[in-house]
Amino acid sequence: MKREARKGLPPLDLSGLKPGQKVTLRIAPNPNGPPSLGNARGIIVNAEYARMYDGVFIMRFDDTDPAIKKPMLEAYQWYVEQAKWLGCPPDKVVIASDRLPLYYEYAEKLIELGKAYVCTCENETFHDLKEAGKPCPHRETEPAGNMGQWKKMLAGDFAGKEAVLRIKTDIRHRDPALRDWVAFRIVTEEHPRTGHTYRVWPMLDFESAMEDHFLGVTHIIRGKDLMKTADKQRYVYQYLGWEYPHVSHWGRVRLLGFGKFSTSVMKKGIQGGEFTGWDDPRLPTVAALKRRGFEPEAIRNVMINMGVTETDIEFSMDTLYAENRKIADPKANRYFFVADPVALRIDGAPGIVAKAPLHPQDPGRGYREIPVPADPGILVARSDLPVMQPGSIVRLKDLYNVKITCAEPLRGEYIGNDIAVLKQGAKIVHWAPADGVPVRVVGPEGEYHGIAEPGVKAELNNVVQFERFAFVRIDTIDGVVLAYYTHP
RNA sequence: GCUCCGGUAGUGUAGACCGGUCAAUCAUGACGGACUCUCACUCCGUCGACUGGGGUUCAAAUCCCCACCGGAGCACCA
C-alpha cells in the first residue's frame with residue numbers, strides 16, 4: 001500500500017485508449033449566462049487532465065434549448081475568454097446549434113434501425129404508461145411510418161408538444177428513468193444564433209451522445225446529476241456500434257457563504273437591479289472573482305485539490321481565500337484605509353512626513369510618504385474607538401504616539417515617536433490623513449465607505465492590502481476610488 | 001413510489017479497487033505562543049474524523065448485509 005499524498009489530480013484510466021489516440025476531454029456548458037465557480041471547476045479539471053496527458057480540451061456549447069434555457073449571444077465569448085483567463089484555453093470550440101443537420105442524420109439512422117420512434121402521446125399519458133412499464137401505441141410503428149412522422153416534425157406539421165422522437169430502450173427497465181427517453185422535441189421559439197431555421201431540437205442526452213463520439217472524446221468528467229445520462233446514451237452507442245467514453249462524476253457542490261445562485265436567479269437579480277451585473281462581488285461568478293482580484297492560479301489550485309470525488313460537498317470560500325492569499329500577499333502593496341472614519345485631533349504634534357513601507361517583507365520596494373501637518377486632525381476607524389479611551393496610549397502606525405485626552409469629540413496629545421510604547425502595551429491603530437481620498441469598497445458582505453491615503457491612486461487595477469482591513473482590488477479611480485473586496 | 005450514487009476532524013482531501021505497517025495524510029479552520037510599527041505574512045504548538053449496527057476474518061476505515069443521513073434521476077431543462 002502506498003502512503004504518498006496525492007499531488008494534483010488522480011490519474012485517468014487510459015486502458016481504453018487506442019494506439020495514437022489522444023486523451024480528449026470537453027466541457028459542455030449552456031451559454032445562458034457567464035461561467036460560475038461551478039463551471040470553473042469543469043473547465044479547470046478537464047483542461048488540467050488534457051494538459052497532464054498532452055491531450056485535447058474542447059469547449060462545446062450545448063445550446064439546444066432556445067426556450068427554457070435560452071442562450072445569450074454574449075455568453076459564448078465570455079466562456080472562451082474566462083477559460084483563457086483561468087489558464088485553460090480550449091483547443092477547440094464547438095457549437096451544437098451549428099450542427100443540427102448532423103444530429104438529424106443520425107436520428108434518421110436510428111429510425112431506420114427501428115431504435116427510435118415518433119411519439120404523439122400526451123405528456124401525462126406517456127408518463128403513466130412508462131411508470132407502469134407499458135409501451136405506448138407508437139412504439140411499434142414501422143420505421144417507414146416513423147420516418148414519415150419525423151419528416152412531418154421537421155416540416156412543421158406538428159405544433160410544439162405534439163410530437164417527440166424517442167429512443168427505444170427497455171420500456172420495462174427496472175429504473176424508470178431509463179425507459180424510452182426523448183431525443184428530439186419541437187421548439188418554435190427563436191434561437192439567438194439560428195433564428196427560426198430549426199424547429200426540431202435535440203435534448204441534451206442525444207446531442208451530447210453524438211458530439212462526444214464525433215469529437216473523439218475519450219473521457220467525460222461531469223456532475224453527478226448526469227450520471228444516468230450515460231446509461232441512457234449507452235443504448236444509442238450500442239445501436240450505432242460506438243464505444244462509450246470513460247465517465248466520471250463529481251458530487252454536488254454547495255457554496256458556503258453564497259445563497260443559492262442558479263444562472264436564472266442571478267439573471268433575475270441583475271435585471272431587477274438587485275445586483276450591479278454578472279461581476280457583482282456578491283455573485284459566485286468567475287467574472288466577479290476576476291474583478292475582485294483573485295489570481296486564476298489560486299482558483300485552479302483549489303479545484304485541482306478538490307479532485308473528482310463523487311461525494312457531495314460544502315465548499316468554503318475560506319479555502320479559496322487562503323490559496324489566493326499565498327499568491328497575493330507577497331505581491332500586494334500596503335496602504336491605510338480607514339473605514340467609517342472618525343476625526344482625531346492631536347495637540348502638540350510637529351508637522352512631519354510619515355514613512356511607511358509599501359511591503360513589510362520587501363523594503364526595496366520603497367515607501368509611502370504621507371505629509372502630516374502640525375496639530376493635525378487625522379482620521380481613524382470607528383472600529384478602533386474601543387482602544388481609544390481617555391488616558392490610553394495608541395501608536396499611530398508609522399507615524400507617532402498619541403495619548404487620548406478626550407473621547408467625545410476624539411482628541412489626543414502628541415507624546416513622541418518612541419516605538420517602545422508598544423512593549424508597554426500601547427495598541428497599534430492605522431489612520432488616514434485629513435486630505436486622503438474617499439474610497440468605496442464593495443464586497444460580498446456589503447459596502448464600506450472610508451478614506452485611504454492618496455497613494456492608492458497609483459494602484460489602478462492592482463490588488464493591494466488595506467492594512468488591518470483586507471485585500472482589495474483598485475477598480476476605478478474617478479473622484480472617489482472604487483475598490484473591490486478580495487478577501488481578508 | 002421506483003432507481004442510482006455517496007457518507008474519513010468545522011471544511012476540503014489522502015488511504016478503500018489489491019484487509020495487517022492507520023492510535024489514519026495533507027491543507028484549511030479554531031485556539032495558544034513566537035516574530036512583526038497590520039487583525040496580513042512567517043514559524044512553533046494544541047484541538048479535531050473512519051455515520052450506526054451486524055457479519056466474514058487471526059486481523060476491517062478498507063470486504064458483505066441492514067439501518068440512518070445526504071444528493072440525484074424518473075422533464076418535450078442542461
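Every chain is numbered from 1, with letters handed out A, B, ... down the list of sequences.
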Atom [atom1], compared across [N] and [M]: separation rounded to whole Å:
{"N": "B:U51", "M": "B:U11", "atom1": "P", "value": "13 Å"}
{"N": "B:A61", "M": "B:A24", "atom1": "P", "value": "12 Å"}
{"N": "B:C22", "M": "B:A59", "atom1": "C1'", "value": "13 Å"}
{"N": "B:G71", "M": "B:C26", "atom1": "C1'", "value": "27 Å"}
{"N": "B:G19", "M": "B:A30", "atom1": "P", "value": "40 Å"}
{"N": "B:U13", "M": "B:G1", "atom1": "C1'", "value": "37 Å"}

Can you tell me the distance, in whole Å, between the [atom1] atom of [X] and the [atom2] atom of [N]?
{"X": "A:D398", "N": "B:U36", "atom1": "CG", "atom2": "C1'", "result": "12 Å"}
{"X": "A:Y367", "N": "B:U38", "atom1": "OH", "atom2": "P", "result": "14 Å"}
{"X": "A:F158", "N": "B:C76", "atom1": "CZ", "atom2": "P", "result": "17 Å"}
{"X": "A:H127", "N": "B:G1", "atom1": "NE2", "atom2": "C1'", "result": "10 Å"}
{"X": "A:I313", "N": "B:G7", "atom1": "CD1", "atom2": "P", "result": "13 Å"}
{"X": "A:F471", "N": "B:C41", "atom1": "CZ", "atom2": "P", "result": "7 Å"}
{"X": "A:Q361", "N": "B:C41", "atom1": "CD", "atom2": "P", "result": "10 Å"}

Intra- and inter-strand pairs of RNA chain B in dot-bracket (Watson-Crick or G-U wobble, both distances under 3.5 Å; | for another strand):
(((((((..(((.......[.....)))((((((.......))))))...(((((..]....))))))))))))....
Side chain of [X] (C-beta onward), nearest among [options]:
{"X": "A:R174", "options": "B:A72, B:C4, B:A40", "result": "B:C4"}
{"X": "A:L422", "options": "B:U28, B:G70, B:C37", "result": "B:C37"}
{"X": "A:N123", "options": "B:C77, B:C76, B:C37", "result": "B:C76"}
{"X": "A:T311", "options": "B:U28, B:C41, B:G7", "result": "B:G7"}
{"X": "A:R334", "options": "B:U28, B:C77, B:A40", "result": "B:A40"}
{"X": "A:P176", "options": "B:C4, B:G70, B:G73", "result": "B:G73"}
{"X": "A:E131", "options": "B:A14, B:G1, B:C4", "result": "B:G1"}
{"X": "A:K161", "options": "B:C76, B:U28, B:C74", "result": "B:C76"}
{"X": "A:I428", "options": "B:C76, B:U28, B:U38", "result": "B:U38"}
{"X": "A:D329", "options": "B:C41, B:U11, B:G6", "result": "B:C41"}

Of A:E467 and A:D312, whose nearest nucleotide on RNA chain B comes first from the 5' end?
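Of the two residues, A:E467 wins.
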Position toward the 5' end of RNA chain B (nearest nucleotide), A:R252 or A:K228
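The residue mapped nearer the 5' terminus is A:K228.
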Identify the residue among A:K115, A:K130, A:R139 that makes a salt bridge (Lys or Arg N to Asp or Glu O under 4.0 Å) with A:D180.
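Option passing the salt bridge (Lys or Arg N to Asp or Glu O under 4.0 Å) with A:D180: A:R139.
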If you apply the rule salt bridge (Lys or Arg N to Asp or Glu O under 4.0 Å), what do you find for A:D384 with A:R468, and how did you get there?
CA-CA 11 Å; A:D384 278 330; A:R468 307 207 312 141; 2.5 Å; yes
Which is true for A:Q465 with a 4.0 Å heavy-atom rule: it touches a base, it touches only sugar-phosphate, or it touches nothing?
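Base: the residue A:Q465, judged by heavy atoms under 4.0 Å, touches a nucleobase.
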Regarding A:V164, tell me which of base, sugar-phosphate or nothing describes its non-hydrogen contacts under 4.0 Å with the strands shown.
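Base, at least one base atom sits under 4.0 Å.
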Distance in Å, A:D418 CG paired with A:K423 NZ, rounded so as to fall on 0.5 Å steps:
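It comes to 11.0 Å.
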Under the 6.0 Å and 45° cation-pi test, does A:R368 pair with A:F336?
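The answer is yes, since A:R368 meets both limits relative to A:F336.
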Between [X] and [Y], is the ring centre distance below 6.0 Å?
{"X": "A:W150", "Y": "A:F184", "result": "yes"}
{"X": "A:Y335", "Y": "A:F466", "result": "no"}
{"X": "A:H138", "Y": "A:Y117", "result": "no"}
{"X": "A:Y106", "Y": "A:F214", "result": "yes"}

Could you check A:T319, A:N324, A:L37, A:I44 and say which one makes a side chain to side chain contact (heavy atoms under 4.5 Å, CB included) with A:V302?
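Single side chain to side chain contact (heavy atoms under 4.5 Å, CB included) partner of A:V302 among A:T319, A:N324, A:L37, A:I44: A:T319.
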